[in-house]
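Take a look at the structure set out below.
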Amino acid sequence: QYGSLSKVYLDPAGGSDTNNGEASDQAVQTIDRALSLIEENGTIYLISSLTLNDKKDHRWSKVMIRPADTLADDDSKPMIQILKGTGLALDEVNISNIKESGGSWLGKTLLEKTGEGVLTIGTGTALVCDAKVEHAIYTDEESGTYATLRINGGSIQGADRTNYDGQTALVTVRYGTAEMSGGSITGNTADYGGGIFLNKARFFMSGGQISGNKARYGGGLFAENYS
């Protein structure tokens, strides 16, 4: 069930769910409140980064998520983080680093999944990032447990940077498992692994495509450390 607002402001660090979400100074605090207010295919603007850490499995559908103009640049932080024991599935969700005014948010990654739990990219979902963001998806271990990434559909689109030096993979998987049965990973330039970079990780591909990426080593995929 959707709300009636075409845009909602979400500030996990300083908002309140008693607010109406219609302006940045009326930002709500939780993603559940934001989703209850937004209309189908409306846009949620993040004023501060969002962390999911409630040990539940979340599903978002038919919504756009973008940085508000005031979301602080920080190349060490994700825009959305999903911690150990928490899962997230995306269907027809559009996430990008393009701000409300059209500028670019600078950050580590659009989505970061750490520890036990599953991040699922479903049909109709689009993750789009330009050269200001290091990754679209980054997964890692947490407290000795490993994340699972499932790409069942949708598109993950990177940036055609002018050179390879210091550039990063569109999807980085450290430890854990990645499974790709559909969708696409395209259009990125990196030093190692234009499309996917694997470090001590397993990757299973039964469908989808990894194409149009460039790298000094491994245009489509680069694997190291027993991956």
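Model, not experiment: these values are computed from the prediction.
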- Might you work through the side-chain hydrogen bond (donor to acceptor under 3.5 Å, both in side chains) test for S143 and T145, ending with a clear yes or no? CA-CA 6 Å; S143 302; T145 68; over 6 Å; no

- Message: Rounded to the nearest 0.5 Å, what separates atom OG in S96 from atom CD in Q157?
- Response: 12.0 Å

- Pairs touching residues 208-218 that satisfy salt bridge (charged side-chain N to carboxylate O under 4.0 Å, His left out), sequence neighbours left out: D160-K214, D165-R216, D191-R216

- Give a yes or no on whether the backbone of A169 and the side-chain of H135 come within a donor-acceptor separation of less than 3.5 Å. yes

- Of V173, I121, I185, I196, the one forming a side-chain contact (heavy atoms from CB on, under 4.5 Å) with I137 is I121

- Task: Check whether any side-chain heavy atom of R202 lies under 4.5 Å from a side-chain heavy atom of S227, and answer yes or no.
- Result: no

- Query: Okay, side chain of E39, backbone of G42: is any donor-acceptor separation there less than 3.5 Å?
  - Reply: no

- Item | Partner residues of R66 under the salt bridge (Lys or Arg N to Asp or Glu O under 4.0 Å) criterion, sequence neighbours left out | none

- Query: Is any side-chain heavy atom of Y2 closer than 4.5 Å to a side-chain heavy atom of S61?
  - Reply: yes

- Query: Would you say L221 and L198 make side-chain contact, with heavy atoms under 4.5 Å?
  - Reply: yes

- Task: Would you mind listing every side chain to side chain donor-acceptor pair (under 3.5 Å) that reaches into residues 113-128, with sequence neighbours excluded?
- Result: T114-E142

- Task: Report the residue from L111, T109, V133, I95 that forms a side-chain contact (heavy atoms from CB on, under 4.5 Å) with M79.
- Result: I95

- Message: Is it true that N225 and N199 share a donor-acceptor pair across their side chains at a distance under 3.5 Å?
- Response: yes

- Query: Taking C-beta and beyond as the side chain, do E224 and K200 meet within less than 4.5 Å on heavy atoms?
  - Reply: no

- Query: How does the hydrophobic cluster around F222 look, that is, which other residues are in it when side-chain heavy atoms under 4.5 Å mark a link?
  - Reply: Y192, F197, Y217

- Looking only at side chains, do D11 and S48 share a donor and an acceptor under 3.5 Å apart? yes

- Message: Under 4.0 Å between a side-chain nitrogen and a carboxylate oxygen: does that hold for K108 and D75?
- Response: no

- For D74 and S76, does a side-chain donor sit closer than 3.5 Å to a side-chain acceptor? yes

- Task: Establish whether W60 and I82 are linked, either directly or via other cluster members, by ILVMFWY side-chain heavy-atom contacts under 4.5 Å.
- Result: yes

- Has K55 got more than 12 heavy atoms of other residues, nucleotides or ligands less than 6.0 Å from its NZ? yes

- Task: Give a yes or no on whether I80 and I47 share a hydrophobic cluster (residues Ile, Leu, Val, Met, Phe, Trp, Tyr; joining criterion: side-chain heavy atoms under 4.5 Å apart).
- Result: no

- Near K99 NZ, under 6.0 Å, is it more than 12 heavy atoms from other residues, nucleotides or ligands? yes

- Does S104 have any side chain to side chain contact (heavy atoms under 4.5 Å, CB included) partners at least two apart in sequence or in another chain, and if so, which? N97, I98, D130, K132

- Are L149 and E179 side-chain neighbours, meaning at least one heavy-atom pair lies under 4.5 Å? no

- Message: Taking the side chain as everything from C-beta on, heavy atoms only, tell me whether N19 gets closer than 4.5 Å to Q29.
- Response: no

- Task: Using a 4.5 Å cut-off on heavy atoms from C-beta on, say whether the side chain of T86 contacts that of D54.
- Result: yes

- Task: Say whether, by atom type as modelled, one donor and one acceptor occur between the side chain of N188 and the main chain of G194 under 3.5 angstrom.
- Result: yes

- So, S184 and T186: side-chain donor and acceptor under 3.5 Å apart, yes or no? no

- salt bridge (charged side-chain N to carboxylate O under 4.0 Å, His left out) between K77 and E112, intermediate numbers included: CA-CA 9 Å; K77 290 187 176 180; E112 180 176 271; over 6 Å; no

- Query: Does Y45 share a hydrophobic cluster with L90, counting links as ILVMFWY side-chain heavy atoms below 4.5 Å and allowing steps through other members?
  - Reply: no

- dist E40:CD -> S4:OG (nearest 0.5 Å) comes out at 13.5 Å

- When clusters are formed by joining ILVMFWY residues with side-chain heavy atoms under 4.5 Å apart, either directly or through shared neighbours, do F203 and I156 land in the same one? yes

- Only counting residues at least two apart or in another chain, list the ones meeting salt bridge (Lys or Arg N to Asp or Glu O under 4.0 Å) with R33. none

- Would you say L37 and I44 make side-chain contact, with heavy atoms under 4.5 Å? no

- Task: Check the hydrophobic clustering (I, L, V, M, F, W, Y; side-chain heavy atoms under 4.5 Å; chains of links allowed) and say if V118 and V171 are grouped together.
- Result: no

